[in-house]
Amino acid sequence: MLLLLHWEERLSVFNDYFDMSMTLKRSVLAAFVALAMLAVVIAMTPLQASAARTCSFTSDLTIGSVSEEVRCLQQYLNSTGFVVSTSGVGSAGQETTQYQAKTQAAVMKWQTANGISPASGMFGPLSRTKYGALTGGSVPATPAPTTPAPDTSGAAVARTALTNAMNAYESAADDDSSNLSEARDALFDAMTAFMNGNYSSSVTLSATAKSRADNASDDSDDDDGDESDTQDAVDEAQDDLDDARDAVDEAEDDGDDIGDAQDLLDEAEDVLDDAEEALDDEDWDDAMDLADEAQDLIDEALDESNVDIGDEEGDAEDALDDVEEALNDAWEDFDAAEDDDDDTGDAEDLLEEADDLLDDAEEAFDDEDYDEVMDLVDDIEDLIDQALDEF
C-alpha cells in the first residue's frame with residue numbers, strides 16, 4: 001500500500017529525472033520503470049490467500065490427466081511457491097484442468113523439497129499422503145469453470161498498454177530527440193490516469209507514448225548511416241595514408257627530395273588516431289572533420305615529395321570508358337566499310353573478340369581487380385588496332 005500512497009512522489013521523481021545529467025539517466029530510468037511496473041502489478045493483481053489451497057485427491061495425476069483435481073493441485077502449487085507458470089496459462093488465477101509439462105515440473109520441485117523419491121513428477125500415492133500430512137487433512141476441491149474467463153476489464157487493458165509503452169520508452173532511452181521527450185510526457189500522463197482509475201484515457205495516452213518512443217528509436221537508427229559513413233571515411237584515409245607512406249619511402253630510397261613529407265604523414269597519423277577516438281565516443285561530426293584533415297595532410301605530403309599514389313579504381317574506370325568508346329567507333333567504321341562493300345578481312349571476328357574481352361574487363365572491375373582490368377584494356381586496344389588494319 002505504501003507504493004500506492006506515494007505514487008505522486010514517484011511521478012515527481014520520474015519528471016525530475018530528465019533534468020539530470022546523461023551519466024545518471026539510465027540508472028534512474030531503470031529504477032523508475034521497475035518501480036512503476038511493480039506498482040501496476042500491485043494495483044491490478046488480486047490478493048492471494050496466505051494459506052495454501054487444500055484439495056481432495058481421489059486418483060493419481062500425471063501427464064495427460066484432465067480434471068478439477070488438476071486445477072486444485074495447480075492452485076495449491078502456485079500458492080506454496082512451486083509456481084506452475086509465472087504468466088499466462090497455469091499462472092495464479094489462470095490454473096487449468098490440464099496436467100502438462102509445466103505442472104509436472106512444478107510437482108517435481110515440490111516432491112524434491114518434501115523428500116519424496118523418486119521425484120517423478122507424477123502426483124501418486126506417496127505425494128497424496130505427503131500432501132495430507134502438510135495440509136492436515138483435505139477438503140473437496142472447489143469446482144471452477146472449465147475455461148477461465150479472460151481478464152478483459154478496462155484496468156487489465158490499460159495495464160497491458162502501459163507496460164508496452166514503458167518497455168518502448170526504456171528501449172529508446174538513449175535517444176535525446178523531441179520524440180522521446182514527447183513520449184515521456186505522454187507516459188507520465190498515462191501513469192497518472194491509470195492510478196486515478198481513468199483506464200480509457202490511460203490506454204490512449206499509453207498508445208501515444210509508445211508511438212513516440214518507437215519514433216525516437218527510428219530516429220536513433222537513422223544515425224547508423226552517419227556512423228557507417230564516418231567509419232568509411234576514416235578507413236579510406238587510413239588506406240591512403242598507408243599508400244602515401246609506401247610511395248614516399250620509395251621516393252626517399254631513390255634519393256628524391258621528399259621535403260617535409262614524412263613529418264606531414266606523421267601528423268596525419270596522429271589526426272587519424274584522434275578520429276578513431278571520436279568514433280569510439282560516437283562523435284561522428286568530429287571524426288569526419290578529422291578524417292578530412294588527415295586527407296589534406298596526406299595530399300600536402302604527396303605534393304611535398306612530388307609523388308602520386310594514384311587512384312587504381314578511377315584509373316581503371318577511365319580506361320574502361322575510353323576503350324569502350326574506341327570499340328564502338330571501330331564497329332561504326334566496320335559497318336561503314338561493309339556498306340561500301342570494302343574488304344574487311346577478319347575485322348568482324350577481331351571486334352567480336354574485343355567485345356568478349358570488354359565483358360571480362362567489366363567483371364574484373366566489379367571484382368575490384370584493377371590490374372586485370374588494365375591488362376584486358378591493353379588486349380582490347382590491340383584487337384581494335386588489328387581490326388582497323390584489316391580494312
Does Leu77 form a side-chain contact (heavy atoms from CB on, under 4.5 Å) with Val83? I'd like the steps, not just the answer.
CA-CA 6 Å; Leu77 291 169; Val83 179; over 6 Å; no
Output yes when a side-chain donor or acceptor of Gln262 lies under 3.5 Å from a complementary backbone atom of Asp260, and no otherwise.
no
Distance only, no hydrogens: is a donor on one side chain within 3.5 Å (strictly under) of an acceptor on the other, for Thr58 and Glu69?
yes
Under 4.5 Å between any side-chain heavy atoms of Leu383 and Leu351, yes or no?
no
State which residues pass side chain to side chain contact (heavy atoms under 4.5 Å, CB included) with Ser201; sequence neighbours excluded, sorted by chain then number.
Ala193, Asn198
If two hydrophobic side chains count as joined below 4.5 Å and joins carry through other members, does Leu290 share a cluster with Met288?
no
Can you find a pair of side-chain heavy atoms, one from Asp189 and one from Phe194, that are under 4.5 Å apart?
no
Taking C-beta and beyond as the side chain, do Ser202 and Asn196 meet within less than 4.5 Å on heavy atoms?
no
Run the side-chain contact (heavy atoms from CB on, under 4.5 Å) check on Met374 and Asp371 step by step: do they pass?
CA-CA 5 Å; Met374 300 305 288; Asp371 289 339; 5.6 Å; no
Please list all pairs meeting side chain to side chain donor-acceptor pair (under 3.5 Å) that have one or both residues in residues 343-361, counting only residues at least two apart or in different chains.
Trp331-Asp355, Glu338-Thr344
Please say yes or no: joined through hydrophobic side-chain contacts below 4.5 Å, possibly via intermediate residues, are Tyr370 and Ile380 part of one cluster?
yes
When you look at Leu264 and Leu302, which way does the side-chain contact (heavy atoms from CB on, under 4.5 Å) test go after all the steps?
CA-CA 9 Å; Leu264 291 166; Leu302 294 174; over 6 Å; no
Are the side chain of Glu267 and the backbone of Leu297 linked by a donor-acceptor contact shorter than 3.5 Å?
no
Would a hydrophobic clustering, with Ile, Leu, Val, Met, Phe, Trp and Tyr connected at side-chain separations under 4.5 Å, put Leu327 with Val373?
yes
Are Gln295 and Asp299 linked by a side-chain donor-acceptor pair shorter than 3.5 Å?
no
With a 4.5 Å heavy-atom cut-off, do Pro125 and Asp60 have their side chains touching?
yes
Test item: Val70 and Ser65 side chains (from C-beta on) under 4.5 Å apart, heavy atoms:
yes
Backbone of Asp286 reached by a side-chain donor or acceptor of Asp283 within 3.5 Å
yes
Salt bridge Asp266-Arg245, side-chain N to carboxylate O under 4.0 Å
yes
Side chains of Gln231 and Asp235 only: does a donor on one sit below 3.5 Å from an acceptor on the other?
yes
Exercise: identify the closest heavy-atom pair between Ala364 and Glu372:
CB-CG, 3.8 Å
Taking the side chain from Gln74 and the backbone from Gln98, do they hold a donor-acceptor pair closer than 3.5 Å?
yes
Answer yes if the ring centres of Trp110 and Phe123 are under 6.0 angstrom apart, and no otherwise.
yes
What I'd like to find out is whether the side chain of Leu320 reaches to under 4.5 Å of the side chain of Glu324, using heavy atoms alone.
no
Strictly distance-based, threshold 3.5 Å: is any side-chain N or O of Gln111 a donor or acceptor partner for the main-chain N or O of Ser127?
no
Taking only residues two or more places apart in sequence, or in another chain, which ones meet Asp296 in a side chain to side chain contact (heavy atoms under 4.5 Å, CB included)?
none
Test: Arg212 and Asp185 ion pair at under 4.0 Å:
no
Does Asn78 reach the main-chain N or O of Val84 with its side chain, forming a donor-acceptor pair under 3.5 Å?
yes
Could you tell me the separation between the OH atom of Tyr76 and the CG atom of Leu134, rounded to the nearest 0.5 Å?
5.0 Å
Same cluster or not: are Met195 and Leu205 linked, directly or through other Ile, Leu, Val, Met, Phe, Trp or Tyr residues, by side-chain heavy atoms under 4.5 angstrom apart?
no
Any side-chain heavy atom of Leu187 within less than 4.5 Å of one from Leu162?
yes
I'd like to check Val107 versus Leu73 (side-chain heavy atoms, cut-off strictly below 4.5 Å). Are they in contact?
yes
Tyr131 side-chain N/O to Cys55 backbone N/O, donor-acceptor pair under 3.5 Å
yes
Between the side chain of Ser79 and the main-chain N/O of Gln75, is any donor-acceptor distance below 3.5 Å?
yes
Show the nearest heavy-atom pair for residues Ala275 and Ala287, with the distance to one decimal.
O-CB, 3.8 Å
Nearest 0.5 Å, please: how far is CZ in Phe334 from CG in Leu350?
10.0 Å
In this structure, CD of Glu252 is separated from CG of Asp257 (nearest 0.5 Å) by 10.0 Å
Linking I/L/V/M/F/W/Y whenever any side-chain heavy atoms sit under 4.5 Å apart, do Leu126 and Met122 land together?
no
